[in-house]
Amino acid sequence: TPAAAAELFPQVPAAAPGTECLAPPGEMRRTHMDRLTHRRTEAVRAGIRQPAESLTRCLSCHAVTDTHGQVVTAEDPRHFCRECHDFAAVTVDCFSCHASRPEDAPR
Amino acid sequence: MPHAVPYRPLNGHARGFWLVLGLLGLAIAGGLGAAHLMHHEGHIITGMTNQVVWGLPHVFAVFLIVAASGALNVASIGAVFERPLYKPLARLSALLAMALLIGGLSVLVLDLGRPDRLTVAMTHYNFKSIFAWNIFLYTGFLVLVGAYLWAMIDRAGARVYKPAAYGAFVWRLVLTTGTGAIFGFLVARQAYDAAILAPLFIAMSLVYGKAIFVLFLMAVCRASGRPLGGVVLRRLQRLMGIVLGAMLYFVAVHHLTNLYASEHHGIEAFLLRDGGPLTTLFWGGHVLLGGLVPLYLLLAPRLGGNRRALSAAAVLLILGGLTQVYGLIIGGQSAPLVLFPGFEVSSAFADGVVASYVPSPWEVLLGLAGVAIGLVVAVVGCAALPILPADLSDAAIDPDHVADTLDEQDGALAGTT
Amino acid sequence: MSQPARRDVLKSLALGGGLTLIVGPVAHALAPRPPGQPADPATRWALLVDTRACKVDCAACVDACNREMGLKQPTDPDFDPAHDAQYIRKVTLRDPDTGHTTAPPVMCQHCAKPPCVDVCPTGASMQRADHIVQVDKHLCIGCRYCMMACPYKARSFVHQDLTDQKPHNPRGKGCVESCNLCVHRIDRGEPPACVAACQRDGGGAMVFGDLADPNSDLNRRLAEAGGHRIRADLGLDTGVYYQGL
Amino acid sequence: MARGPALTPPPLSDRPEIEPPPLAPGAMAHSKPYVAQPAHNEALGYPGERVDDWQAKAIQALGELVDSSRALKVYLDSCVKCGSCADKCHYFLGTGDPNNMPVARQDLVRRVYRRHFTPAGKLAPGLVGAADLTEGLLEEWYSYFHQCSQCRRCSVFCPYGIDTAEISMAAREVMDRIGLGQKYCNEILGKVHKVGNNLGLPEPALADTLEGLEEDIEEETGQAVKLPLDVAGADVLLITPSADFFAEPHVDGLIGYAKVFHQLGLSWTLSSHASEAANFAMFIGSRDQMAKVAQRIHQAARDLGVKRLVFGECGHAWRVAYSFLTKLAGPWDFLDPRWPVPQHILEVTNAAIETGGIRLDPEGNAGKVVTFHDSCNVARASRMGEGPGGQFTLPRAVIQASVPRFVDMADGTIHDRTFCCGGGGGLLTDDLMELRMKGALPRVNALNHVVETQGVTHMAAICAICKTQFAKVLPLYGLDMEMVQSVHGLVSQAIRLGAAPD
Amino acid sequence: MFAPGPVFAVLYYATALILVGGLGARLLGWGRTPVPLPIPTTPAPMTRGGVVLRMAREVTLFESLWRSQKALWLFAMLFHVGLLLVSLRHLRYLLPEGTLGPLWELVVLVQPFGIYGGMAMAVGLLGLLGRRLMLPRVKAISRGSDFLMLGLLIAIGASGLAMKFAVHTDIVAVKAFFLGLVTFDWQPLPADPLLLGHLLLVALLMAVFPFSKLLHAPGVFFSPGRNQVDRRAFPAAQGRG
Ligand code: HEM
Ligand code: HEM
Ligand code: SF4
Ligand code: SF4
Ligand code: SF4
Ligand code: SF4
Ligand code: SF4
Ligand code: SF4
């Protein structure tokens, strides 16, 4: 039933309207982890910056606001990354170090 | 006709066996709980700080790892130096070496800031790092000693026996040197920057390894009702005395050479005089209780063959060893780093002051868990495989009374009875 | 490139350009690196501290670093000196013979032969192509061996969970960290925060530049007045020079 | 006795355990025991000769057996062909014939079972190795299921405890039901039903033999030790293998029992109605026959009004007694509830040693260095004493009290890993001599090893079949048949008769 | 591109029925068959608790294999422990998030260990295969079905590991598909070839399970050689044994 379905399947929050991701959603779901790990290796070890593909960029397009208009952090299950990862039992430790919302997000 | 020594596994159904495993299991559970807490809450709950970054867990880990390489010595004497009276003990020696190493490594891994990144550590190597080399040395040690043990137990491995025995002997020397080099390569710390750390660590390994070996052997023979004769124990007792003497010699040389170099006067004054509890630990714990008293217990002619003296000496040596490693690791970090020689220094980051360190109960639990893990591996190994001889009485080990003649020869050489 | 991304790039260019005008001689070699371009091995970033201009009671550099990197200030009431990270600290030096007191700032010296990099088992402690030494926190396992190895006590270990990290300085429990010469600013074409603060609010004692560039301001000043390096006897070829010690 | 080329033993090894030999397919396909005469089969209720529709009948019999025994069904379904059991059977180690690997032996039946009773076998037989019971396969059944002594050694090493012995028993039962019986077992069973023991020794002859023994004992020891027969009202009924009455060294054991009872002051008796401990019906896999034989013991116990039931030194008999007696021949509520049903003579003797009821002097066996052969049925299918494993400790304790020096054979050949003597399971017949000799290899090899390295002079056993087999086979390997001893024969030499009990 | 969803839905419903039905029938068959006589392999435990322990030791430590051949023990251990870890890891595809609190926590915790399990499984299987080919006595008793079974499992493991390390698939969609199957709220299945191969082979495994030697898994618990208590008979036992 649709009601049950709403509980069972992940409610992936929509990204910022009028924007396009680095690749189509299906491909992003399959490859975002490799893209991110590749990006970070290049960035940190070789100093190659790609602001358009950075983690902060992901977070600004995929920022999720709560009912008060605040952008949620990764502590909140409504966080973009959390929705899918909680569903699929995937644990990432990125947000133990990285801020999980863009710096200029209203607090 | 070579006299085949029958080996018999420990009785895995005996109540005492399960009791011992249960107690050790509790110790391990405690340590794992402490490690979990440390991982979850962070190292803030321990006594370690930004000044003293390696604490009690490292003391236990280094002690166990150093002892592990030394525990192999009994087997090496039998195989490499071809002294047949030690051959029946070779399997236990190899097993104990592996067990202690596993115990020490467990503590090291559990104390990491990010133990969940262990796979990262196993897939990324910086080959300039002595630490990375040690990882190879440790795993290689387990493989070689494992092969050696297999060659001794399974006749299918007979071809591997000689190369494994010799290989393990050489490898263990490299490993102990490598462990010493972890500290020896640190030019930053005055307490460590010394070439003598390598032979010192080898001497330490011989002392601790043998002490643990003797204690374990006596305990397990008593518990499983196996006769343990004086021939075996007397030789081990004398051997321990000799290597202890050598170790104390190296310790003395280490400090004396440091005192020669005026730049090291500070650290020596700190360790030997001004270190407060550290100094007490050095003189009282390491030198006296962990050095001179056991030396007497082991080498005094009238105590030769006295089992109480031997076991007391072994216990003291183990405790003394822990204090020695404690002094090395904690002492080396407590002393302030000298950035600006000749100046009086102060800052918000403890420049110029002695750093204090108080171990937390979590670290104690973790260290003890490492010991327990080593013991569990050893005990279970003795029950699963034919490691322990069924009979180590004098009649079984030395029916032809070779030992007496050897004792006489040794006595003539060493000038002791 | 989509709209927001382009705006970002323009922003950094503008910032870089602006700063170049303000800070002038410090950053004349400093320009934002275009996306996709790696760090340049022909560069060697370094610092110069003129302790004669550095006032004992000034701490603008420390202050700025902590703000920039999201660290607690030593003046904060809940500051824990044993456990909280300090990338840069003022070290008060008193000459017992003369009684003269200085307080130069000490941070990671960005050694060209860094012992912290040599000892790191995973290669997390690394030297970037432009000779900046930093911790690749994606590989750090928190063994603290680099902390044992560093003669300058430059590194800190994170002892507990953190929140509110700065996006440009991710830091987390169980990892080792230290001054990374503000790589995120350098890559954007800006000088390190401490240098900028010193120039703006402090005594103007700190200079940032490219040691490999013979025409840099840094090299010019070194040629004029020389420079002392802390524990030069260790032969680590550090990248922070001190004048007036 | 002339030794033909077939009776050249395989070589002994200088190691205590035998390595798995290279495969020699068909090496023992020629080994078959004599087929039973029609009279032998009919006496047990089986068809006298091979029936016409034997194939269908055999399948039907197999189905009935599988449906009546969960063990059979689970064992036939669960084998993963891991080969853990393959190099554990003494017949494989001694012959190299791949069909003697327990798993391969099971497969002789499994193939047929799969073909007719499982979906996979019905639909894709080639894939799963399912096959019809052809004439050729039946021949293999007859040959190879008489190359299994049902010793259960294979079940120790199988992760699921698959017991080839169970499958052997079932296969022999199937063959019996289609009229293909083994002469040795079926003839003997006929004798038991007729006369009461395997030898067909009638009561007068038995009484005579016992009297003669009593005289010998009195002459030798000066004590009037009795061997009572059919004494009503005795406390203890002793059931012992008929070989104990006259074979060497078995009879020394019988004398030993008598001396123990005498010294303990226990009143006991033998029975001519149940003058046989052995129960060969177990070997042919017939529960009915087993019950029939066992019920003679019940009858004898009732008739003689005894209070306790004690068994003498016999391996498979002890298995039947310990595990099946209450099921097959109960109820036993008329016996003294303080004692288990049944007891083993070793339990009596061991308890007597521990409480001081008898005194043993090892000097009575001076010069002997003794080892002990754990009999397969005792080791892997029964128990003695207090806890599990008593069947290993009790005989050794009794031996060690009786002899100056005791030595165990290699760890992997004793206790529950003991090697069968090679003559058990209904194979103790001359028509299988080659098999018996080759099957004994692992045990003889282990014995030889302790003879050479530890100076062992004698090997004690507590099974009549083992003693007979060893007496025959040891000389083939160049060892002295006098080495074989009954445990109670050693007791007999060591016991201090007439000494006041403590 | 064809939509694999409906085909695989039907396939999985069918194989689930075959697995449950076939296994149930076999278990019932065993359960209903009597055990006429006590035949545990001695030494055997004398209490029920002891039997539980014996069974536990056999199932977790593979005691009999250890006594038999260390190499066989090692590979069998690697494979089975690996299989266990992989199965626990795969629970994430079937259990909705947060199911039974601690159970879901366990599934989340097990995820990284499942990877090592997958590798252990592969090593164990290859070891078993190598042994089956290289030891003459084991080769002599092997049939086509033995090799096929090993091959099937190796292919499943390889395709799974390939998905993890080489060519990723859309995990979220996979879980949605399977959740949809059990709630009858059908979702599409991605058409990635590796995924479809993996799922096809797994379905085959499920279908042949009740008719193959994999029955050893429940079989061990029904084996009288291991699950019977060794009880001493006393006269009062009244023939019940
Ligand atoms: C409980 C005790 C178990 C034991 C002692 C056991 C033992 C074994 C052994 C020895 C093999 C080796 C087959 C070979 O050499 O090829 C095997 C194979 C296998 N086992 Fe188990 N197993 C057990 C339980 C299970 C369970 C619970 C499962 C789960 C379904 C399982 C699944 C398998 C599979 C799939 C194979 C592969 C078949 C093959 O190798 O062809 N087992 N097992
Ligand atoms: C119908 C149930 C199954 C589904 C939906 C499924 C699906 C998957 C998927 C999507 C992956 C990739 C995981 C990733 O990329 O991280 C995977 C991996 C794997 N699968 Fe399966 N699988 C199933 C059953 C099985 C079975 C029965 C086995 C073993 C016999 C198995 C063995 C593996 C292995 C070894 C891996 C690689 C290691 C891992 O990621 O855990 N799978 N499976
Ligand atoms: S800001 Fe400049 S002047 Fe002030 S302390 Fe730092 S370096 Fe010295
Ligand atoms: S100062 Fe310390 S941390 Fe910085 S590079 Fe040199 S050694 Fe490494
Ligand atoms: S703490 Fe991190 S950076 Fe320092 S040595 Fe260990 S792994 Fe390398
Ligand atoms: S360079 Fe950046 S990180 Fe280093 S001290 Fe200055 S501000 Fe802090
Ligand atoms: S029961 Fe004994 S004889 Fe029969 S197959 Fe098993 S091991 Fe061989
Ligand atoms: S050990 Fe058991 S499972 Fe393995 S082959 Fe033999 S009978 Fe089959």
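Just so we're on the same page: letters track the sequence lines, and every chain starts at 1. Just the heavy atoms: all of them, side chains too, but no hydrogens, waters or symmetry mates, feed the values below. Computed from a predicted model, the values in this text were never measured in an experiment.
Using a 4.5 Å cut-off between heavy atoms, Phe349(B) touches chain C through backbone and side chain atoms alike. For Ile182(B), the parts sitting under 4.5 Å from any heavy atom of chain C are the backbone and the side chain alike. Neither the backbone nor the side chain of Phe127(B) comes within contact range of chain C; no heavy atom of the residue lies under 4.5 Å from a heavy atom of that chain. For a residue to count as touching a neighbouring chain, one of its non-hydrogen atoms must lie under 4.5 Å from one of that chain's; by this rule Arg231(C) touches chain B with backbone and side chain alike. With a 4.5 angstrom heavy-atom cutoff, Met48(B) touches chain C via backbone and side-chain atoms both. Only the side chain of His58(B) comes within contact range of chain C, with heavy atoms under 4.5 Å apart. Contacts between Asp84(C) and chain B at a heavy-atom distance below 4.5 Å involve the backbone alone (N, CA, C, O). At a 4.5 Å heavy-atom cutoff, the contact between Gln333(B) and chain C is made by side-chain atoms alone.
When each of Cys175(C), Ala149(C), Cys143(C) is checked for heavy-atom pairs under 4.5 Å with chain B, Cys143(C) comes out on top. Per-residue counts of heavy-atom pairs under 4.5 Å with chain C were compared for Pro341(B), Ala132(B), Gly332(B); the largest is that of Ala132(B). Interface summary for chain B: among Gly172(C), Ala85(C), Cys140(C), the most heavy-atom pairs under 4.5 angstrom belong to Cys140(C). Of all the listed residues (Asn126(B), Ile45(B), Leu108(B), Val109(B)), the one sharing the greatest number of non-hydrogen pairs under 4.5 Å with chain C is Asn126(B). Note: Arg94(C) leads Gln160(C), Arg155(C), Met147(C), Arg94(C) in heavy-atom pairs under 4.5 Å with chain B. Across Glu344(B), His39(B), Lys128(B), the residue that shares the most heavy-atom pairs under 4.5 angstrom with chain C is Glu344(B).
Around the CZ atom of Phe185(B), the shell of radius 6.0 Å holds no more than 12 heavy atoms that belong to other residues, nucleotides or ligands. Around atom NZ of Lys72(C), more than 12 heavy atoms belonging to other residues, nucleotides or ligands sit under 6.0 Å away.
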Verify side-chain contact (heavy atoms from CB on, under 4.5 Å) between Met148(C) and Val53(B), making sure each step is shown before the conclusion.
CA-CA 7 Å; Met148(C) 290 286 266; Val53(B) 302; 3.8 Å; yes
Apply salt bridge (Lys or Arg N to Asp or Glu O under 4.0 Å) to residues Arg144(C) and Asp111(B) and explain how you reach the verdict.
CA-CA 10 Å; Arg144(C) 289 105 66 205; Asp111(B) 178 67; 2.9 Å; yes
Please assess Leu93(C) against Val345(B) for the test side-chain contact (heavy atoms from CB on, under 4.5 Å), listing each intermediate value before the final yes or no.
CA-CA 5 Å; Leu93(C) 303 176; Val345(B) 181; 3.9 Å; yes
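Separating the NE2 atom in His159(C) from the CD1 atom in Ile44(B) is a distance of 6.5 Å, to the nearest 0.5 Å. The OG atom of Ser346(B) lies 11.0 Å from the NZ atom of Lys90(C); values are rounded to the nearest 0.5 Å. Expressed to the nearest 0.5 Å, how far CG of Asp95(C) lies from CZ of Phe340(B) amounts to 13.0 Å. Rounding to the nearest 0.5 angstrom, the gap separating the CG atom in Leu339(B) from the OH atom in Tyr152(C) is 7.0 Å. Here Leu337(B) contributes atom CG and Cys150(C) contributes atom SG; the two are 8.0 Å apart, rounded to the nearest 0.5 Å. Rounded to the nearest 0.5 Å, atoms CD (Gln51(B)) and OG (Ser156(C)) are 8.5 Å apart.
Taking 4.5 Å as the heavy-atom cut-off, the residues of residues 113-137 of chain C that approach chain B are Val117(C), Asp118(C), Val119(C), Cys120(C), Pro121(C), Thr122(C), Gly123(C), Lys137(C), ordered by number. The stretch residues 112-121 of chain B places Leu112(B), Gly113(B), Arg114(B), Arg117(B), Val120(B), Ala121(B) near chain C, each with some heavy atom under 4.5 Å from a heavy atom of that chain. The stretch residues 233-245 of chain C places Leu234(C), Leu245(C) near chain B, each with some heavy atom under 4.5 Å from a heavy atom of that chain. Residues of residues 50-66 of chain C never come closer than 4.5 Å to chain B when only heavy atoms are counted.
Taking the six-membered ring where tryptophan is involved, the planes of Trp54(B) and Tyr145(C) are essentially parallel, since the angle between them stays under 30° and well short of 60°.
Taking each heavy atom of His40(B) and Lys173(C) in turn, the nearest pair found is O-NZ, 2.6 Å. Nearest heavy atom pair, residue Ala188(B) against residue Pro151(C), reads CB-CA, 3.5 Å.
Asp161(C) contributes no side-chain N or O that, together with a main-chain N or O of Gly42(B), makes up a donor-acceptor pair within less than 3.5 Å.
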